[in-house]
There are 2 protein chains.
Amino acid sequence: MSPAPAAVPPVAVPVHKIRVILADDHPVVRDGLAAILNRQPDMEVVAEAADGEEATELYDRLQPDVMVLDLRMPKRDGVAVVEMVLAAHPHARLLIMTTYDGDEDIFRCLSQGAKGYMLKDAPRTEILAAIRAVSEDRPYASSSVASKALQRMAKPSLTQRELGVLQLLAEGRSNKDIARRLSITEGTAKTHVKAILTKLDAISRTEAVAVAHKRGLVRL
Amino acid sequence: MSPAPAAVPPVAVPVHKIRVILADDHPVVRDGLAAILNRQPDMEVVAEAADGEEATELYDRLQPDVMVLDLRMPKRDGVAVVEMVLAAHPHARLLIMTTYDGDEDIFRCLSQGAKGYMLKDAPRTEILAAIRAVSEDRPYASSSVASKALQRMAKPSLTQRELGVLQLLAEGRSNKDIARRLSITEGTAKTHVKAILTKLDAISRTEAVAVAHKRGLVRL
DNA sequence: TCCCGCCTCTCTCAAAAGGAGTAGATCCAC
DNA sequence: GTGGATCTACTCCTTTTGAGAGAGGCGGGA
């Protein structure tokens, strides 16, 4: 075989680096991700966002190959960012990265069109694999996330009204109180609560709230 | 002025660098912190721990100037690490770093002897300031943390028994169920629940659970 | 020793919650 | 337009919860 000319570098440099935007409200996490990604020859962090609004704007302007998104951010929630970015750019490749909070968020993001979902405690290699997969438009979910998504699909989903009632339930409101706030009768409130108990497979309202917290159906 | 000899570096290098151990179960966060600290001329990351056990062992072995500790870690909880390290090394300088979770954790760590407490969304400058303060044995708490600690001190604290009952309450158990699990009568369980409601200033058990979650008195 | 906090247990009574079933009004999709 | 889902509302009945008040035992600190 003829040897390669001396000018060729030992490591192959890809023609197009994967251009990445990082969106996370923790400076420490952004620095950590940036440090990991910038060590890779085929990746490049082109911008960082500290909240949801910034993330949306930066995506519009820079149109990166991948945006890594934290779910919980100030100003605009990660789910809202997914929705807005995909509305403007239907082929956007978004990778959700969050400290796991229950299957509801996973389900919502993936069903809205996010390409990948992973947890913040993932090892570096997995993070890189996820970004490469998403950049090639291949879906990515770690096995724990995938199994959660499957579990979630088997469960009955709550209606909008029920979610509203559940939120008040989680705040510790009584049926009477819920009825007042929603301008319905106490009987109707009880009907909704009963439906919630059935769907969440709970015996009491307190247990329902515990289940809701575990699944990420309500926020503190 | 006579110019410095060529051998002297332009930036003053302190005689003793602050030796730091990082303990956090997220590789990304460790990388981020390491990147920030290693940029400083007066700091040096000497080890990283991915769980509480490792953190305790590494502290024993390396005796760093400061250990930065995440509160939520596998195998051994951050509070337990604080307790164990301080038992073996009464002058250990520990800086708690966590995503804010309510005033209970703050209170417990600080009252156990942790020197500092800060939030993960803190800007880089604040993180560095906290580490320098703690390394000099000066307490550090960001203003939001400090005010939380003060708030907490004004509130009545629950007894051990009440905390046990509260945990079961948060899981959605009924009085009868709680009584069975704790081997007491239902009447006694009700007495405890009533005491909890009074101390947490809640009208119903569900509201009590909501308050407990906000304060970090119970874990999911 | 005496008091106090904690845990235990008891009682009564009213209010709230929960189980089961029925049903009218919309609205949307097939 | 028929069927299904959703929201609304009702009744009847049982169980659970919460308020109030009292009291004995036990351990530790003044």
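Each chain gets a letter, A, B and so on, in the order the sequences are listed, and its residues count up from 1. Only heavy atoms go into these numbers, but all of them, side chains included; no hydrogens, no water, no symmetry mates.
When the nearest nucleotides of DNA chain C are assigned to Lys190(B) and Lys190(A) by heavy-atom distance, the more 5′-ward of the two goes with Lys190(B). Where Ser204(A) and Lys194(A) meet DNA chain D, the nucleotide closest to each residue was compared, and Lys194(A) sits on the side nearer the 5' end.
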Next on the checklist: Between Asp51(B) and Lys75(B), is the salt bridge (charged side-chain N to carboxylate O under 4.0 Å, His left out) condition met? List the steps.
Outcome noted: CA-CA 6 Å; Asp51(B) 62 63; Lys75(B) 292 189 185 167; 3.8 Å; yes
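Look at Thr185(A) and you'll find a side-chain N or O under 4.0 angstrom from OP1 or OP2 of dA9(D). Between Asn175(B) and dT17(D) there is a side-chain N or O to OP1 or OP2 distance below 4.0 Å. In terms of phosphate contacts, His192(B) brings a side-chain nitrogen or oxygen within less than 4.0 Å of OP1 or OP2 of dT8(C). Regarding contacts with the backbone of dT8(C), a side-chain N or O of Arg161(B) is found under 4.0 angstrom from either OP1 or OP2. Considering only side-chain N and O atoms, Lys176(A) lies under 4.0 angstrom from the phosphate OP1 or OP2 of dA16(C).
Here the straight-line distance linking atom CG of Asp24(A) with atom CG of Leu69(A) works out to 9.5 Å at 0.5 Å rounding. Annotation: the span from Lys190(A) atom NZ to Glu186(A) atom CD amounts to 6.0 Å, rounded to 0.5 Å.
Using a 4.0 Å heavy-atom criterion, one finds that Thr188(B) contacts the bases of the nucleic acid, with or without backbone contacts as well. Looking at heavy-atom distances under 4.0 Å, Gly187(B) makes contact with a base. Within the 4.0 angstrom heavy-atom criterion, only backbone atoms of the sugar-phosphate kind lie near Thr159(B); the bases stay farther away.
Scanning both residues, Ser204(B) and Leu197(B), for their nearest heavy atoms gives O-CD2, 3.5 Å.
Set against dA17(C), dT17(D), dA9(D), the side chain of Thr191(A) has dA9(D) as its closest nucleotide. Side-chain proximity of Ile184(A) to dC7(D), dG18(C), dA9(D): nearest is dA9(D). Considering only the side chain of Leu197(A), dG19(C) comes nearest among dG19(C), dG18(D), dA9(D).
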